[in-house]
Structure formats: C-alpha cells, structure tokens
Amino acid sequence: MGSPSLPDRGPFRIRARVLTPLDDGGWLDSPDAVVDVDADGRIRAVREARGGAGVNAADADGADAPGRLFDVRPRALLPGLIDLHAHLPQLPNAGLGHGLDLLTWLERYIFPLEHDWADPAVAARLAPAAFGAFAAAGTTTVLAYGAVYEESMDAAFAAAEAHGIRAILGKVMMDRVTYDERRAPGADLLELSLRQSADLCARWHGRDGGRLRYAFTPRFAVSCSAELLRASAALAAETGAHWQ
C-alpha cells in the first residue's frame with residue numbers, strides 16, 4: 001500500500017484507527033475515528049467516525065468538520081513522539097566511536113563537528129536535515145543541544161520555525177574547557193556564555209505561538225564550573241525557560 005498524500009496545510013480530516021493516551025492515564029483505542037485538523041495545523045477534535053462513544057462523537061461526514069476527508073485505514077494514527085535528548089551538530093556522526101571513553105570520543109568525533117558550527121551557514125544546512133530526520137521517524141517535538149556559537153543557534157531556531165517541528169533548543173554552555181579557539185576558559189567565557197544564552201532566550205523563547213522554546217544548556221560537569229550551573233539555572237527560573 002502506498003503512502004497517502006496529505007496536504008501541507010489545514011483544514012483537513014484524517015480517518016484511521018486512533019491510539020492515544022488520555023489525561024486521566026488511560027488510553028483511547030478507536031478502530032475507526034476522525035481527526036480534525038484546523039487551518040493553523042492544530043488538532044481540533046478526535047471523533048468516532050460512526051457516532052459511537054468517544055471524544056466529541058460525530059459522523060465522519062459531519063458538516064461541522066473542516067476540510068477534505070482522507071481515509072487512510074487500516075493505518076493507525078499515534079501522537080507524535082518526543083525526543084528528550086539530542087545534539088543537533090552530532091547527528092552526522094551518530095554511531096561512530098563505539099567503545100571509546102567519553103573524552104576521547106568527544107575530542108575525536110564530536111567537538112570537530114560542533115566546531116564547524118562556528119559558520120552559521122553549516123547550521124543552516126544541517127539543522128533542516130536533522131529536523132527532517134526527526135519528523136521521518138515520527139518525532140514532532142525535540143529537546144536538543146546546539147553548539148557554543150550564538151549565531152548557529154539563531155540558524156537552528158530559524159530552521160525549526162520553517163520546518164514546523166516543536167523544538168526546545170539551547171546554546172551549549174562551557175566555561176572550564178571549550179572547542180572555540182577564539183575564547184579562553186574562565187570568568188570572561190562564563191559571562192559571555194550567560195549573556196549570549198540570555199539574548200537567544202529573549203529572541204526565541206515562546207516564538208511562533210509557543211511552539212519554539214529556549215533551554216539554558218550547560219554541557220556537563222567536566223566542562224562547566226559550579227558557578228555556570230548555578231547562574232544558568234537561575235536564568236531559566238527567571239525567564240520561565242527550560243534548563244537541560
């Protein structure tokens with residue numbers, strides 16, 4: 001069976017089996033349901049196709065439903081997956097370096113990739129491919145690390161906005177060590193990282209109706225001072241952003 005061709009924009013309806021968790025901790029398992037998608041791309045309702053028990057029960061051809069109906073049965077519709085930990089610059093080297101200790105793996109395979117994001121054009125090219133790969137695997141929300149460069153995070157956020165994925169992103173924060181040869185570890189790097197992260201948060205947190213959000217992103221204890229950890233957590237609390 002070939003893949004159905006669905007429109008890029010609503011309104012439309014999809015008829016299929018629907019499996020989804022509910023707020024009360026239970027599950028909806030409807031063998032024949034209709035999902036209404038409005039003009040903004042939001043799910044307006046999930047309804048039994050033949051008027052049975054369910055959420056907003058209605059006939060599949062109800063006059064109040066938006067757009068055209070796409071019948072994709074016997075396929076099942078599931079909620080989009082959520083990836084809670086990803087590194088956008090690292091995806092080209094996914095799977096490489098198995099068996100190496102952490103620091104060797106970082107120095108050999110990971111920091112060179114992140115260093116390339118000093119050029120925002122690299123981020124502008126790779127971030128859309130990363131978001132496309134997430135979507136192809138059914139992931140519609142991603143919480144991801146970027147690189148240490150402010151400009152590259154602007155490019156990554158712009159790519160997420162253009163793609164339509166729900167993204168929580170953050171500039172990597174490091175002040176004890178760094179792969180940015182323009183900077184020296186220490187207090188100046190700490191202050192720069194905090195300032196750039198706060199500026200990115202001000203530009204992107206809550207953008208596009210809340211679909212894009214910012215996460216203050218210290219890398220890990222070896223590369224971050226205790227002061228950076230405390231200060232970044234305080235910024236997250238102050239701004240209402242995330243902290244990863």
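Numbers for residues simply follow the sequence, beginning at 1.
The line from CD of Q196 to CG of L194 is 10.0 Å long, rounded to the nearest 0.5 Å. From E107, atom CD reaches atom CG of L102 across 10.0 Å, with rounding to the nearest 0.5 Å. A distance of 9.0 Å separates CG of L77 from CG of L19, quoted to the nearest 0.5 Å. Here the OG1-NE2 distance, from T140 to H163, works out to 10.5 Å after rounding to the nearest 0.5 Å. To the nearest 0.5 Å, the span separating CE on M173 from CG on L192 amounts to 9.5 Å. Atom-to-atom distance recorded for D36:CG and F12:CZ is 10.5 Å, nearest 0.5 angstrom.
Looking at heavy atoms from C-beta onward, V177 lies out of side-chain contact with V222 at the 4.5 angstrom threshold. Contact annotation: the side chain of T217 never approaches that of M153 to less than 4.5 Å [non-hydrogen atoms, C-beta and beyond]. Using a 4.5 Å cut-off on side-chain heavy atoms (C-beta onward), V172 and W117 make no contact. Side-chain contact check for Y149 versus D119: every heavy-atom pair is 4.5 Å or farther apart. Between L169 and L88, some side-chain heavy-atom pair lies under the 4.5 Å cut-off. Inter-residue side-chain proximity for S225 and R176 is flagged as met; some heavy-atom pair is nearer than 4.5 Å.
R182 is linked by a salt bridge (Lys or Arg N to Asp or Glu O under 4.0 Å) to D180, counting only residues two or more places apart in sequence or in another chain. R203 pairs by the side chain to side chain contact (heavy atoms under 4.5 Å, CB included) definition with E150, D154, D199, L200, not counting sequence neighbours.
F131 and Y145 fall within a single hydrophobic cluster, where Ile, Leu, Val, Met, Phe, Trp and Tyr are joined by side-chain heavy atoms under 4.5 Å apart, directly or via other members. Hydrophobic clustering, with ILVMFWY side chains joined whenever heavy atoms are under 4.5 angstrom apart, keeps I43 apart from L78. By the criterion of side-chain heavy atoms lying less than 4.5 angstrom apart, applied directly or through intervening Ile, Leu, Val, Met, Phe, Trp or Tyr residues, V18 is grouped together with V72 in one hydrophobic cluster. M174 and L190 fall within a single hydrophobic cluster, where Ile, Leu, Val, Met, Phe, Trp and Tyr are joined by side-chain heavy atoms under 4.5 Å apart, directly or via other members.
The aromatic rings of F111 and Y179 are tilted relative to each other, their planes meeting at an angle between 30° and 60°. The aromatic rings of Y214 and F216 sit perpendicular, their planes meeting at an angle over 60°, well past the 30° parallel limit. By the 30° and 60° cut-offs, the orientation of the rings of H242 relative to H205 is perpendicular.
Listed by first then second residue, pairs satisfying salt bridge (Lys or Arg N to Asp or Glu O under 4.0 Å) with a partner in residues 21-33 read R15-D32, R17-D29, D32-R50, D32-R73, not counting sequence neighbours.
Between S30 and A33, the closest heavy-atom pair is OG-CB, 3.4 Å. When all heavy atoms are compared, the tightest approach of D175 to C224 is OD1-CA, 3.4 Å. Closest heavy-atom contact between A118 and P120: O-CD, 3.3 Å. Between S152 and A123, the shortest heavy-atom distance links the atoms O-CB, 3.6 Å.
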Yes or no on side chain to side chain contact (heavy atoms under 4.5 Å, CB included) for S193 and K171, after CA distance, side-chain angles and deciding distance?
CA-CA 8 Å; S193 186; K171 182 189 101 69; 3.6 Å; yes
Worked verdict on T20 versus V46 for side chain to side chain contact (heavy atoms under 4.5 Å, CB included):
CA-CA 10 Å; T20 184; V46 179; 5.6 Å; no
With side-chain hydrogen bond (donor to acceptor under 3.5 Å, both in side chains) as the test, would you mind laying out the steps for H85 and Q244 before giving the verdict?
CA-CA 9 Å; H85 186 97; Q244 63 173 338; 5.2 Å; no
Side-chain donor-acceptor pairs under 3.5 Å in residues 89-100, sequence neighbours left out?
unit_1 : atom_1 : unit_2 : atom_2 : d
Q90    : NE2    : H87    : ND1    : 3.1
Q90    : NE2    : E114   : OE2    : 3.4
N93    : ND2    : Y109   : O      : 2.8

Solution key, residues 227-237 side-chain donor-acceptor pairs under 3.5 Å, sequence neighbours excluded:
unit_1 : atom_1 : unit_2 : atom_2 : d
S232   : OG     : L228   : O      : 2.8
S232   : OG     : L229   : O      : 3.1
S232   : OG     : W243   : NE1    : 2.8

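Other residues, nucleotides and ligands contribute only 12 or fewer heavy atoms inside 6.0 Å of the CD1 atom of I82. Heavy-atom contacts from other residues, nucleotides or ligands closer than 6.0 Å to CG of D188 number 12 or fewer.
Of the candidates L69, V37, D71, R13 forms a side-chain contact (heavy atoms from CB on, under 4.5 Å) with just one, namely L69.
Through side-chain heavy atoms spaced under 4.5 Å, either directly or across other Ile, Leu, Val, Met, Phe, Trp or Tyr residues, L81 is tied to no other residue.
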